[in-house]
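Have a look at the structure below before the remarks.
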2 protein chains.
Amino acid sequence: MSSPRRRVIPEATIARLPIYQRCLLELEAGGRTKASSEQLAELAGVNGAKVRKDLSYFGTYGTRGVGYDVPHLLHEIRRELGMTHDWPCVIVGAGNLGTALAKFGGFTDRGFSVVAIMDVDESKVGQKVGALTIRHEDDLADVVAELDISIGIITTTAGAAQDVADQMVEVGIRSILNFAPATLDVPFGVLVRDVDVAIELQILAFHEERRVLSEAEIV
Amino acid sequence: MSSPRRRVIPEATIARLPIYQRCLLELEAGGRTKASSEQLAELAGVNGAKVRKDLSYFGTYGTRGVGYDVPHLLHEIRRELGMTHDWPCVIVGAGNLGTALAKFGGFTDRGFSVVAIMDVDESKVGQKVGALTIRHEDDLADVVAELDISIGIITTTAGAAQDVADQMVEVGIRSILNFAPATLDVPFGVLVRDVDVAIELQILAFHEERRVLSEAEIV
DNA sequence: AGCTGTGAATGACTTCACAGCA
DNA sequence: TGCTGTGAAGTCATTCACAGCT
């Protein structure tokens, strides 16, 4: 009533919100207007109790005996996730991955737009990537200020990644998505999330390897 | 001594092994032959106790008072991760992302090679992607058998992903890396890992959004 | 009767702290 | 002395189980 709900939200819960959002979008597209925690859980690949607890951190959006109102819950989740406005992003590193991400429109409809792409390589500067022109990395401060960017995406080599991260922090970026296979060192308050496909493959390989070993053992 | 160490390894530990491997490769490249848990931890962005406990699940590879032998530990981790042999992978979905991953050589030196790329779209079948020729998805069983594939990579649209996963499971694949923004339903024993860039961005946006709110509150 | 919201119980992971070996 | 390896303690996350609303 008086103080707005602002408890500490578990990281694990936060990571599931985008998944719930996706499921709710599916339900909405299918014309569904109500969904129980069990139904949502089924779609999200978790269990009902988890859905209920996750959602309860944000408020009481459900109706006992009925379930959750799909459009309403979707709205609340979108609001919590900051999806009510657009997030301009800058990509640093105009290699294969960087250009592929810049051209890929799949994030735009999810609220993220790549508004700039940069590289240290002078020969790349000025080239077009879709509608964008590659700018020099040294212009980062200007670009970030001009375009009001708060999210930086690193798609450089591992060797260059820390320098780029330092530059980003320097110009005020506090949210970094890092595709380079490197552990970035950033000051407190700056959030880095790593995406490393090789690591994901290695985790699969670990289990695959053990599977083979276990099967050999049974024989 | 008698029974080989085969305790249950925490998932969190497994996910860090590839990172330790990367750090050890750096140390090795720099000519370092010994490293303490604290030094490794520094590079990996964790703390010393975690490194020691993680490694202790696999055996006692360190020397008290000295630290770990870099080449030896590297060898052991590579063995645990199944990096002593190559892992052939198949990509299903020859769109932007699929072709980009197929062309990207960055996993080959990490022990993974994309040996086949497939699609349902007849018009794509026969086209070249780097050294590979796109084959029709219906040939999955043949391709998997021929090339001894155990890891499948899904880069289709969300709508097609479950069907592809079903096909993969059908032909015996039990390790799937899923790039499609969809929750896959697979039988027990099949492992799916999801890579969803939009979700990562949304997690960053959540914190960014809260950061703004908190700062407003202070004023 | 049905389903949410949530304390309490359990389980997973991390960190502490130190015995014990080189 | 220095650093590992590991029980014990602490923290975070999941699941249970049920009171309480519709």
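Here is the naming used below: chain letters follow the sequence lines, and residue numbers restart at 1 for every chain. Owing to the predicted nature of the structure, the values given are computational and were not obtained by experimental measurement.
Of the candidate nucleotides C:dT15, C:dT14, D:dG5, D:dG5 has the atom nearest to the side chain of B:T60. The side chain of A:S56 lies closest to C:dT6 when the candidates are C:dT15, C:dT6, D:dT22.
Two rings, from A:F58 and A:Y61, have their centers 6.0 Å or more apart.
For C:dC3, neither phosphate oxygen OP1 nor OP2 lies less than 4.0 angstrom from any side-chain nitrogen or oxygen of A:Y61. A sub-4.0 Å separation between OP1 or OP2 of C:dT14 and a side-chain N or O of B:K50 is present. Residue B:Y68 places at least one side-chain N or O under 4.0 Å from the OP1 or OP2 atom of D:dG5.
Mapping A:G65 and A:P10 onto DNA chain D via the closest heavy atom, the residue that lands nearer the 5' end is A:P10. Comparing A:D54 and A:V66 by the nucleotide of DNA chain C that holds the closest heavy atom to each, the one mapping nearer the 5' end is A:V66. Mapping A:R52 and A:R16 onto DNA chain D by nearest heavy atom places A:R16 closer to the 5' end of the strand.
Rounded to an integer number of Å, the gap from OH of B:Y57 to P of D:dT4 is 17 Å. Here the P atom of nucleotide D:dT6 and the CG atom of B:L55 are 11 Å apart, to the nearest Å. Spacing between atom NE2 of B:H72 and atom P of D:dT4 amounts to 15 Å, rounded to whole angstrom units. Look at CG on A:N47: it is 15 Å from C1' on C:dC3, rounded to the nearest Å. Separating the NZ atom of B:K53 from the P atom of C:dC16 is a distance of 13 Å, rounded to the nearest angstrom. When rounded to the nearest whole Å, the span between CD of B:E76 and P of D:dG5 equals 12 Å. A straight line from NZ of A:K34 to P of D:dT22 spans 13 Å, rounded to a whole angstrom.
Side-chain atoms of B:S175 and B:R193 form no donor-acceptor pair, as typed in the model, at a separation below 3.5 Å.
The base of C:dT4 is paired with the side chain of A:R64 by a donor and an acceptor separated by under 3.5 Å.
Note on ring orientation: taking the six-membered ring where Trp is involved, the planes of A:F112 and A:W87 are parallel (angle under 30°, cut-offs 30° and 60°).
The pair A:E80-B:R210 meets the salt-bridge criterion, since a charged nitrogen lies less than 4.0 angstrom from a carboxylate oxygen. Using a 4.0 Å cut-off between charged side-chain N and carboxylate O, B:R110 and B:D86 make no salt bridge.
Within residues 36-46 of chain A, the residues approaching DNA chain C are A:S36, A:S37, by heavy-atom distance under 4.0 Å.
Of the inter-residue distances, the one linking B:L191 atom CG with A:R211 atom CZ reads 6.5 Å to the nearest 0.5 angstrom.
Applying the salt bridge (Lys or Arg N to Asp or Glu O under 4.0 Å) test to pairs two or more places apart or on separate chains, those with a residue in residues 59-74 of chain B are B:K34-B:D69.
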